[in-house]
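Every number for a ligand or one of its atoms is a count from 1 in the order of the listing.
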Amino acid sequence: MGAGQLGQMLALAGRRLGLEMRFLSPDADAPAGQVAELIVADYENEAALAHFVEGLDVATYEFESIPAAAVRFVAERVPTYPPLEALETGQDRGNEKQCFERLGIPTAPFAIVESMRELREAVDRIGLPAVVKTRRLGYDGKGQAVIRTRDEIAGAWVKVAGVPSIVESFVKFSRELSIISVRSTSGDTAFYPLVENHHTEGILRFSLAPAPNITRETQSTAESIAKRVMDELGYVGVLAIELFETEQGLVANEMAPRVHNTGHWTIEGADTSQFENHLRAITGFTIGSTEMWGAAGMVNVIGNEPNVAMLRQIPDVHVHMYGKSPKPRRKLGHITVTADDLEGVRSKVSEVRRVLTR
Ligand code: AMP
């Protein structure tokens, strides 16, 4: 379910594993439809959902804003992973934060708010600066507002359109990291090295893997966070958790119950890509090695068509275009670079970014 670029990359990985794949999306131009069978229908259309599940051995989804009712309909007819509870946790920031809290995973102090009065009261408790985020449907920095002074509370509430939201403390972080993990149907887990992520205007611009200067202890803390979440949710498939690195250690920001933009480098940079491992997990295969060799970087292509001819001239640069039409802020593709070490990756990432902004 879902047929964006994540679905497209799952389809490509699935072909190599000998899987036959079918996608469902309301968008006739969805990227996965360019490489696999696509049923075009709304997620609310039960006749289409029934047609979609016909003959399937297993189902999965590639974006977390999919209506839970559609996933429930499918899950009642065919094994569906990650489990519905994981979707309902990942698609609602309130549930997500409560899950972190329940598991003793550090996360910014927060409150669930449903009115401006509740927001004011919560700000009194939590303090400023703070961030308001809609519980649902927020992504790439949408549905968020920063509150620095009490005068900004009303404006922030308008910005999130007065829908059920959370408000949380602004975290003083030194950098943003993510951990991509995978759990099989038999409960085995594996983890990729922590990734360092760079955002501008709420959109991921580039990632470095492994994240520079990560101690063994930080890696194992991140793995333990991911493992606790996966075990709690009876998780099967790939899970991404975004983390802030702070002076007090790692602080969990959010999770995505799916393959993730910060794991795209694994296609060329790791023994087994996140896409293959997701499919291996949900189809009951053993998980493939998550070892990486050397270092890798990933740069998103956002808004404008890139000069692919120029990019191809840089050695060890891999272009992935998703076949989407250009639009401001839209992710059109990504570029992976590989090198023996992070020094080499950094210089190639800079070169790629120069070509992209030309
Ligand atoms: P999110 O959609 O939660 O990933 O937020 C988008 C971006 O906003 C994050 O990648 C951070 O750069 C920033 N951000 C989100 N929440 C906080 C926070 N509590 N404190 C500081 N920055 C934040």
### Query
Looking at ligand 1, does Ser169 have a heavy atom less than 4.0 Å from it?
yes
Electrostatic pair [X]-[Y], nearest N-O below 4.0 angstrom:
X: Asp124; Y: Arg120; result: no
X: Glu20; Y: Arg15; result: no
X: Asp316; Y: Lys348; result: yes

### Message
Below a 4.0 angstrom heavy-atom separation, can you tell me which part of Asn197, side chain or backbone, both or neither, approaches ligand 1?
### Response
neither
### Task
Is it possible for you to check whether Arg175 lies under 6.0 Å from the centre of the six-membered ring of Phe173, through NZ or CZ, and within 45° of that ring's axis?
no
### Message
Classify the ring geometry of Tyr192 against Trp265: parallel below 30°, tilted from 30° to 60°, perpendicular beyond 60°.
### Response
perpendicular
Which of the atoms in ligand 1, numbered in the order shown and given with their element, are less than 4.0 Å from a heavy-atom of [X]?
X: Lys133; answer: 3 (O), 15 (C), 16 (N)
X: Glu176; answer: 9 (C), 10 (O), 11 (C), 12 (O)
X: Gln144; answer: 1 (P), 2 (O), 3 (O), 5 (O), 6 (C), 8 (O)
X: Glu242; answer: 4 (O)
X: Arg93; answer: 1 (P), 2 (O), 3 (O)
X: Glu168; answer: 16 (N), 17 (C), 18 (C), 19 (N)

### From CA spacing to verdict: side chain to side chain donor-acceptor pair (under 3.5 Å), Glu276, His278
CA-CA 5 Å; Glu276 177 171 340; His278 182 70; over 6 Å; no
#### Entry: Polar contact flag for Val171 and ligand 1 (N/O pairs, less than 3.5 Å)
yes
